[in-house]
Amino acid sequence: MKEKALVYYQQGNEHRRRGDWQQALNCYMEAIALDPESPAVEAKKMLDDILNFYHKDSYNP
C-alpha cells in the first residue's frame, strides 16, 4: 500500500507543477487514503492553503 501511495503522491506533485490543482488534490487524497502517514498529508495541507488564499472563488472543498 505504501508503494501505491507514493505513486499517487508523486503524480500529485506532477499535477501541482503543471497547475492542475484539482487533479493534484485528488492524487494526494488517494495517497492519504492508502497511507495516512504519507508525505501527501503535508502536501495537501500546503495546496489547501494556496488554494484558499489565491483561488477562493474556484475552490470548494
Side-chain angles (χ1 to χ4, degrees):
M1 289 288 200
K2 288 187 183 272
E3 296 85 21
K4 196 167 186 176
L6 182 60
V7 170
Y8 276 112
Y9 168 67
Q10 291 169 338
Q11 287 175 348
N13 287 341
E14 189 58 39
H15 288 297
R16 182 183 46 80
R17 282 186 204 103
R18 289 189 298 224
D20 187 354
W21 308 112
Q22 188 58 53
Q23 195 60 35
L25 276 174
N26 292 343
C27 288
Y28 290 152
M29 288 189 292
E30 197 67 38
I32 293 166
L34 293 170
D35 178 11
E37 297 178 9
S38 166
V41 172
E42 191 60 33
K44 183 183 177 300
K45 285 180 190 175
M46 287 188 285
L47 189 55
D48 284 341
D49 288 343
I50 290 167
L51 292 174
N52 282 325
F53 184 78
Y54 289 109
H55 301 285
K56 290 180 183 180
D57 294 335
S58 64
Y59 181 62
N60 189 6

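Basis for what follows: all heavy atoms, side chains included, without hydrogens, waters or symmetry-related copies.
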By side-chain contact (heavy atoms from CB on, under 4.5 Å), which residues pair with Glu42, not counting sequence neighbours?
Lys45, Met46

Could you tell me which residues satisfy salt bridge (charged side-chain N to carboxylate O under 4.0 Å, His left out) with Lys2, sequence neighbours excluded, listed by chain and number?
Asp35

Measure the CG-CG distance between Leu34 and Leu6 for me, rounded to the nearest 0.5 Å.
11.0 Å

Using residues 7-15 as the side-chain source, report each donor-acceptor pair under 3.5 Å to any protein atom, sequence neighbours left out, with the distance given to one decimal.
| unit_1 | atom_1 | unit_2 | atom_2 | d |
| --- | --- | --- | --- | --- |
| Asn13 | OD1 | Tyr28 | OH | 2.5 |
| Glu14 | OE1 | Arg17 | NH1 | 3.2 |
| His15 | ND1 | Arg18 | NH2 | 3.0 |

Return the minimal non-hydrogen interatomic distance between Pro36 and Val41, and the atom names on each side.
O-CG2, 3.3 Å

Scanning both residues in full, the closest heavy-atom pair of Leu47 with Ala24 reads CD2-CB, 3.8 Å

Side chain to side chain donor-acceptor pair (under 3.5 Å) with Asp20: which residues, sequence neighbours excluded?
none

Under 3.5 Å, is there a donor-acceptor pair between the Gln22 and Asn26 side chains?
yes

